Novice: 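Attaching a single structure in structure tokens format; questions to follow.
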Protein chains: 2
Amino acid sequence: MDTNGILDTLSRCPLFAGLDPEGRLRLTSQARQKRYAAGEVIARQDFPAPGVFIVQVGQVRVVRLAPGNKEHVLHLCGPGQTVAEVAVLGEFAMPATIQAIEETTCVLLPAGPLMRALREDHALCLQLLGGMSRWVHHLVDLMEDIVLRDAVERVARYLLAETGQDKPTLNFAGTKQHIASHLNLTGETLSRVLRRLDDAGLITRINQHEVRVRHREMLGGVANGHFPRI
Amino acid sequence: MDTNGILDTLSRCPLFAGLDPEGRLRLTSQARQKRYAAGEVIARQDFPAPGVFIVQVGQVRVVRLAPGNKEHVLHLCGPGQTVAEVAVLGEFAMPATIQAIEETTCVLLPAGPLMRALREDHALCLQLLGGMSRWVHHLVDLMEDIVLRDAVERVARYLLAETGQDKPTLNFAGTKQHIASHLNLTGETLSRVLRRLDDAGLITRINQHEVRVRHREMLGGVANGHFPRI
DNA sequence: TAGCCAGATTGATCCACGTCAAAGTGCCGT
DNA sequence: ACGGCACTTTGACGTGGATCAATCTGGCTA
């Protein structure tokens with residue numbers, strides 16, 4: 001087992017980075033590395049969480065499933081991010097399914113040892129508390145987006161959040177459907193919105209998987225409800 | 001200052017009930033009791049959180065405000081429930097406004113002392129971690145409701161959640177607008193939905209403020225997408 | 001290189017819910 | 001008992017985004 005790799009992953013992960021090396025080492029000894037194919041389900045909604053997963057390589061989606069083939073992508077996670085903390089720490093069934101959307105490797109910190117570590121390690125406890133607050137904050141923001149903003153605003157905000165003026169190009173991880181679902185849109189609507197933004201000259205669709213942001217500040221205006229007259 | 005009352009409130013509050021009496025006492029010594037008129041703002045979005053509030057008497061709403069006079073009620077809290085934990089523990093600005101919707105008294109645990117206590121008291125830390133997970137869980141559920149279910153289903157679920165077969169009658173706290181906003185509906189739509197459910201015989205609208213659930217299991221069916229043919 | 005297939009795009013149509021407007025209801029103070 | 005006022009209910013109408021149904025695109029296999 002690649003103990004060094006695991007240790008390394010832990011120190012790169014915001015949730016565990018603040019820990020003292022000794023505590024990290026203790027956790028590492030219990031951890032396992034897991035590999036998943038694209039599309040594979042990592043942990044299933046309504047089942048107990050096997051532990052906390054830290055994404056090492058690849059991309060993972062957290063998706064809530066509901067009757068009638070409905071689904072909603074709560075979160076898209078890349079390397080360094082953690083999933084399933086909530087279910088583990090709250091000791092309830094997974095509120096959502098975790099699925100790899102490309103070939104992915106994760107570190108799994110099994111629930112039992114983690115909870116035991118938690119009972120002893122105060123620093124770890126504080127770290128996780130912070131991480132959890134950030135989760136709530138993120139969810140509230142997501143909620144605001146979905147409830148209070150229309151499609152164009154949501155897409156504009158997403159584009160701004162995922163790019164910077166140093167890195168104006170965004171290439172979509174996985175399918176656009178996943179992104180659309182994350183923004184609570186259909187693929188069709190996302191497509192149409194991107195077209196409108198392109199027509200307005202705010203972005204350029206380079207190809208199916210890449211978009212370049214042209215005017216950040218104007219896009220910011222759109223995100224706040226001022227779509228330029230056509 | 002009513003120290004006994006505060007201690008009592010803490011032991012009744014799920015978040016602090018598990019604490020040993022000594023720890024509770026320490027917290028109590030720093031706590032203050034506050035009284036608010038109906039409609040008064042307790043803590044404002046985007047400002048630092050003064051501390052954690054525990055509702056003693058009355059009713060409080062947690063509401064997210066957005067440009068364009070838009071708002072969304074994230075949570076309605078009664079006695080024993082806590083608000084603002086997230087902002088305090090995550091050490092960021094309040095993601096939402098807290099407002100009394102009737103005459104209300106709260107216990108305020110100021111942020112500084114609470115964080116200091118947190119650094120020393122491991123049990124407290126674990127308690128809060130659990131509470132936070134429950135918050136996330138609640139938000140994810142709320143999200144599912146809003147994103148994946150239609151108006152009738154949401155109202156049906158709300159009615160079921162707020163009543164029991166021993167207590168089939170629900171009387172609305174505050175205005176119906178607040179409830180409607182919580183379910184991401186307008187007052188008008190809520191009104192229409194209640195009427196339809198009444199017409200179908202599933203509930204009875206006793207008066208403007210009270211509803212009686214007649215057929216729990218049928219309402220459960222409605223909540224899962226089977227509205228009876230008219 | 002042709003052919004295939006998943007996903008993306010575009011257009012046409014639909015519908016749940018919001019918005020606006022007009023009663024209706026019930027509570028309060030005088 | 002009478003207004004007045006805030007909230008609710010109901011109706012008429014508009015619309016954003018979903019749905020359905022063709023193409024279109026681009027990567028992969030043979």
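Owing to the predicted nature of the structure, the values given are computational and were not obtained by experimental measurement. First the proteins, then the strands, lettered A, B, ... as listed; each starts at 1.
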Novice: Taking CZ from B:R149 and P from C:dC17, how many angstroms apart are they, rounded to a whole number?
Specialist: 13 Å
Novice: Between B:L139 and A:W135, is a side-chain contact (heavy atoms from CB on, under 4.5 Å) present by the stated rule, with each step listed?
Specialist: CA-CA 10 Å; B:L139 281 178; A:W135 236 115; over 6 Å; no
Novice: When you check the phosphate oxygens OP1 and OP2 of D:dT25, does a side-chain N or O of A:R205 lie under 4.0 Å from one of them?
Specialist: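 The answer is no; no side-chain N or O of A:R205 sits under 4.0 Å from OP1 or OP2.
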Novice: Check this one for me: any side-chain N or O of A:R195 less than 4.0 Å away from OP1 or OP2 of C:dT9?
Specialist: no
Novice: Tell me the interatomic distance from A:E153, atom CD, to D:dG17, atom C1', rounded to whole angstroms.
Specialist: 14 Å
Novice: Please state whether the phosphate of C:dG18, meaning OP1 or OP2, lies under 4.0 angstrom from any side-chain nitrogen or oxygen of B:T189.
Specialist: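 So the side-chain polar atoms of B:T189 do come within 4.0 Å of the phosphate oxygens OP1 or OP2 of C:dG18, strictly under.
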Novice: Any salt bridge between B:E71 and B:R61, counting N to O under 4.0 Å?
Specialist: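 Salt bridge flag = yes for B:R61 with B:E71.
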Novice: Thinking salt bridges, do B:R64 and A:D141 make one under a 4.0 Å N-O criterion?
Specialist: yes
Novice: For B:D199 and D:dT9, give me the distance from atom CG to atom P, rounded to whole Å.
Specialist: 13 Å
Novice: Can you tell me how far P of D:dG17 sits from CG of B:N184, to the nearest Å?
Specialist: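 Atom-to-atom, B:N184 to D:dG17, this comes out as 13 Å.
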Novice: With side-chain contact (heavy atoms from CB on, under 4.5 Å) as the test, pick out the partner of A:S133 among B:E91, B:M132, B:E85.
Specialist: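 Answer to the side-chain contact (heavy atoms from CB on, under 4.5 Å) test with A:S133 among B:E91, B:M132, B:E85: B:M132.
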Novice: Could you check whether the side chain of B:E188 and the base of C:dC20 have a donor-acceptor pair of N or O atoms closer than 3.5 Å, going by distance alone?
Specialist: yes
Novice: Both B:S191 and A:T186 contact DNA chain D. Taking the nearest nucleotide for each, which residue is further toward the 5' end?
Specialist: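 By nearest-heavy-atom nucleotide position, the 5'-most residue is B:S191.
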Novice: Across the strands shown, which category fits B:D150 at heavy-atom distances under 4.0 angstrom: base, sugar-phosphate, nothing?
Specialist: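 Since only primed, P, OP1 and OP2 atoms lie under 4.0 Å of B:D150, the category is sugar-phosphate.
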Novice: In whole angstroms, how far is the C1' atom of D:dA6 from the NZ atom of B:K176?
Specialist: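 Those two atoms, NZ and C1', are 14 Å apart.
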Novice: NA contact type, A:D198, heavy-atom cut-off 4.0 Å: base, sugar-phosphate, or nothing?
Specialist: nothing
Novice: In whole Å, I'd like the distance from the CG atom of B:L183 to the P atom of C:dC17.
Specialist: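 That distance rounds to 12 Å.
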Novice: Of the options C:dG7, D:dG17, D:dT19, whose atoms approach the side-chain atoms of A:K70 most closely?
Specialist: D:dT19
Novice: Without decimals, in angstroms, what is the distance between B:Q177 CD and D:dC7 P?
Specialist: 8 Å
Novice: Does B:R44 CZ have over 12 foreign heavy atoms under 6.0 Å away?
Specialist: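 Not buried by this count: 12 neighbours or fewer within 6.0 Å.
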Novice: Per the atom types in the model, does the base of C:dT19 pair as donor or acceptor with the side chain of B:R192 at under 3.5 Å?
Specialist: yes
Novice: To the nearest Å, give me how far apart NE2 (A:H209) and C1' (C:dA6) are.
Specialist: 10 Å
